[in-house]
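Notes follow the structure.
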Amino acid sequence: MALNMSTQTGAAAMTVARPGSRPGSRPGTPGSSRTALLSAGASSSTAVPAPNAAQLLKMQAQTMEPAAPQAADIDKACQALVDGAAAPGADQGAEHADVAGVEARKVGVPVFVMMPLDTVRKDGSALNRRKAMQASLAALKSAGAEGIMVDVWWGIAESEAPGQYNFAGYIELMELAKKAGLKVQAVMSFHQCGGNVGDSVNIPLPKWVIEEMDKDQDLAYTDRCGRRNYEYISLGADALPALKGRTPIQCYADFMRAFRDHMAPYMGNTIVEIQVGMGPAGELRYPSYPESNGTWSFPGIGEFQCYDRYMLSSLKAAAESVGKPEWGNAGPGDSGSYNQWPEDTNFFRREGGWNTEYGQFFMSWYSQMLLEHGERILSATSSVYTGTPGVKVSVKVAGIHWHYGTRSHAPELTAGYYNTRNHDGYQPIARMLGRHGAVLNFTCVEMRNHEQPQDAQCMPENLVQQVANAAKEAGIGLAGENALPRYDETAHDQVLATAAEKAEEERMVAFTYLRMGPDLFQPDNWRRFAAFVKRMTETGVRDVCREQVEREAEGVAHATQPLVHEAAAALRN
């Protein structure tokens with residue numbers, strides 16, 4: 001999950017967010033270049049295929065009067081999707097659309113859209129706002145989105161007792177997505193929702209896990225002052241059978257296996273990706289910059305999270321193995337506090353301790369612990385999903401772009417990415433993912449350097465390029481997402497330039513749009529989104545005329561007006 005503060009980007013604050021907009025975590029994959037509106041009156045009994053969405057929208061663009069017969073027909077078709085009254089032959093049409101989507105993905109970048117954090121009720125029994133979900137999914141499909149991303153919360157689906165799983169609400173969502181012709185990226189969210197950027201709801205870890213953490217608080221990540229963080233179980237306890245006789249890794253593997261088994265009818269056809277959470281906000285990192293209770297604020301450097309007894313035990317062993325036992329008692333004592341800047345500390349300043357023999361030892365150990373955590377979870381993931389055709393695995397890496405222009409890259413170091421002026425911290429991560437055939441999902445794709453606070457030396461464009469190079473060198477797919485809710489064309493243009501308008505081998509394999517909600521369905525935002533999806537999915541097909549795209553986006557916006565209005569209203573309630 002990336003940052004969302006209004007101070008983070010001047011342009012974003014001015015051009016984007018309306019009050020109430022929410023940033024959030026989490027990816028996407030572009031889809032078919034044509035929209036998924038069904039033709040009213042289509043019949044499976046005729047050999048002549050129904051007009052596709054591009055043809056319908058072309059007719060719509062020619063007569064923009066609301067009462068035009070074409071518009072009325074499209075509106076009826078859209079409403080039929082909401083009511084679940086798909087015309088006969090709709091399933092067959094969806095199958096053909098999937099084939100077309102495969103063709104489109106060879107040239108464009110598919111777009112997925114993140115679902116609300118509270119898509120499923122906290123008891124797991126059903127969807128929240130089912131009617132809104134139906135209308136929203138139909139609207140997304142009509143705009144050409146490939147699919148959706150949804151958090152499958154550990155704290156919901158295995159909340160009450162170990163091994164007791166309730167995926168009813170998620171099954172309901174998968175069925176709606178299937179009927180709408182959308183693919184799903186399912187995020188195995190083993191972290192707490194609440195206390196991070198865009199966390200508008202609170203979903204703690206399972207009750208029985210919290211009980212064990214209360215008994216042994218060293219299961220929680222801990223900072224130098226002894227503050228415990230309950231967002232995610234400390235990786236220092238990965239191999240400890242502390243959760244009712246199971247290790248955390250075993251719990252994650254069992255959860256993923258249960259999800260696979262419960263979702264068997266949807267695996268590989270509707271569910272096409274499993275993004276496995278590996279830390280706070282679902283990202284492979286330490287909780288070095290927690291926003292809860294005002295602990296951290298942008299652009300602070302954060303703090304090392306290595307003070308639970310299991311992490312300290314590992315540090316002690318590592319120090320003794322290099323003949324420096326005195327290095328194993330604690331982390332750097334001069335690394336400052338959460339909201340300081342690099343030059344405020346002796347460790348992170350220009351010629352600070354980070355570049356000494358001790359600093360190199362500590363950062364090597366700290367980052368290696370994170371890499372080994374990733375290896376363990378991916379090994380477990382592979383054991384569950386290997387042999388499940390049509391399902392790929394991805395891992396999210398945080399876009400920590402502030403103070404990137406300094407020598408030490410302090411915020412990246414405290415998060416566990418050993419990336420400095422003279423040490424590449426992303427190549428080891430990419431290579432680790434490559435060993436398991438996983439996609440690297442990265443954020444802040446929409447950001448431009450000049451939009452960020454210059455005194456904090458924020459360089460998101462440079463960071464994205466470095467990560468892209470690491471993914472290319474490792475031979476793995478790179479997917480992206482926007483870090484902040486952005487509905488303006490400036491952000492869309494940046495995503496396009498970063499993710500899609502490149503040689504085919506350089507393009508991202510998918511993009512996730514943050515996030516579905518009332519703001520997305522605001523008329524101007526929705527029109528711009530429809531144009532953005534078309535440009536993403538058709539890049540490489542032809543030289544897309546922007547004016548033509550705008551006209552077709554207007555057609556989509558008009559044709560889906562009933563759906564969008566209903567979805568926005570229902571989501572606000």
Side-chain angles (χ1 to χ4, degrees), residues 1-6 8-9 11-13 15-31 109-119 136-137 139-140 143 145-151 182 184-187 189 191 193 196-201 273 275 277 280-283 291 298 394 396-401 441-448 451 460 464 478-496 498-500 508 510-522 525-526 528-533 536 567-568 571:
M1 183 179 301
L3 296 192
N4 87 341
M5 319 176 14
S6 57
Q8 185 182 355
T9 153
T15 61
V16 226
R18 308 184 325 161
S21 65
R22 306 192 304 267
S25 51
R26 284 75 66 232
T29 334
V109 178
V111 177
F112 284 69
V113 178
M114 299 179 203
M115 298 293 283
L117 294 168
D118 61 347
T119 293
S136 299
L137 296 185
L140 292 177
E146 175 80 355
I148 58 173
M149 182 282 286
V150 64
D151 289 281
L182 293 170
V184 176
Q185 296 171 314
V187 183
S189 294
H191 62 284
C193 182
N196 269 297
V197 177
D199 286 354
S200 54
V201 297
E273 182 175 328
Q275 184 175 115
E283 297 166 335
E291 284 193 297
F298 175 84
S394 69
K396 188 173 181 183
V397 176
I400 303 175
H401 59 83
N441 182 269
F442 200 66
T443 187
C444 71
V445 176
E446 86 285 11
M447 293 183 178
R448 303 186 188 211
E451 294 176 336
V464 169
L478 177 69
E481 66 182 59
N482 49 315
L484 303 176
R486 293 284 297 266
Y487 309 105
D488 56 293
E489 291 179 349
T490 299
H492 292 169
D493 288 346
Q494 179 65 14
V495 172
L496 225 76
T498 305
M508 290 185 175
F511 180 78
T512 301
Y513 196 91
L514 175 77
R515 161 185 318 273
M516 194 188 86
D519 287 340
L520 175 59
F521 293 129
Q522 190 271 336
N525 291 345
W526 178 247
R528 286 190 287 263
F529 171 77
F532 167 73
V533 172
M536 287 285 283
L571 286 167

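Hydrogens, waters and symmetry mates play no part in the numbers below; they use all other heavy atoms, side chains included.
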Next item on the list: Test Asp493 against Arg448 for side-chain contact (heavy atoms from CB on, under 4.5 Å), laying out the working first.
Entry: CA-CA 10 Å; Asp493 288 346; Arg448 303 186 188 211; 3.6 Å; yes
Check: Are Gln275 and Asn441 close enough, and set up right, to give a side-chain contact (heavy atoms from CB on, under 4.5 Å), and what steps lead you there?
Finding: CA-CA 9 Å; Gln275 184 175 115; Asn441 182 269; 3.9 Å; yes
Next item on the list: With side-chain contact (heavy atoms from CB on, under 4.5 Å) as the test, would you mind laying out the steps for Met149 and Val187 before giving the verdict?
Entry: CA-CA 7 Å; Met149 182 282 286; Val187 183; 3.1 Å; yes
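Taking both residues in full, the closest heavy atoms of Ala398 and Thr443 are given as C-CG2, 4.1 Å, listed atom of the first, atom of the second, then distance. The shortest non-hydrogen separation linking Glu273 to Ser394 is OE2-OG, 2.5 Å. Minimum heavy-atom separation, Pro280 to His191: CA-CB, 4.3 Å. In terms of heavy-atom proximity, Ser136 sits nearest to Phe521 at OG-CE1, 3.5 Å. Nearest approach of Leu514 to Pro485, heavy atoms of both residues: CD2-N, 3.8 Å. Nearest heavy atoms, Cys193 versus Leu117: SG-CD1, 3.9 Å.
Interatomic distance, Arg528 CZ to His492 NE2, rounded to the nearest 0.5 Å: 7.5 Å. Taking OG1 from Thr498 and CZ from Phe442, the interatomic distance works out to 11.5 Å, rounded to the nearest 0.5 Å. To the nearest 0.5 Å, atom CE of residue Met516 and atom CG of residue Asp519 are 12.5 Å apart. Separating the CZ atom in Phe112 from the CD1 atom in Ile148 is a distance of 9.0 Å, to the nearest 0.5 Å.
Counting only distance, with no hydrogens or angles, the side chain of Asn525 and the backbone of Leu520 share no donor-acceptor pair below 3.5 Å. Judged by distance alone, the side chain of Thr119 and the main-chain N or O of Met115 form no donor-acceptor pair under 3.5 Å. Under the 3.5 Å distance criterion, the side-chain polar atoms of Arg515 are left unmatched by any main-chain donor or acceptor of Pro116.
When the options Met508, Met447, Arg486, Glu446 are evaluated for a side-chain contact (heavy atoms from CB on, under 4.5 Å) with Val495, the one that passes is Glu446.
The aromatic rings of Phe511 and Phe532 stand perpendicular to each other, their planes meeting at an angle above 60°, with 30° marking the opposite boundary.
For the pair Leu182/Glu146, no side-chain contact is recorded, criterion being any heavy-atom separation below 4.5 Å from C-beta on.
Here Ser189 pairs with Asp151 under the side-chain hydrogen bond (donor to acceptor under 3.5 Å, both in side chains) rule; sequence neighbours left out. In terms of the ring pair (Phe, Tyr, Trp, His ring centres under 6.0 Å) criterion, residue partners of Phe529 (sequence neighbours excluded) are, by chain and number, Tyr513, Trp526.
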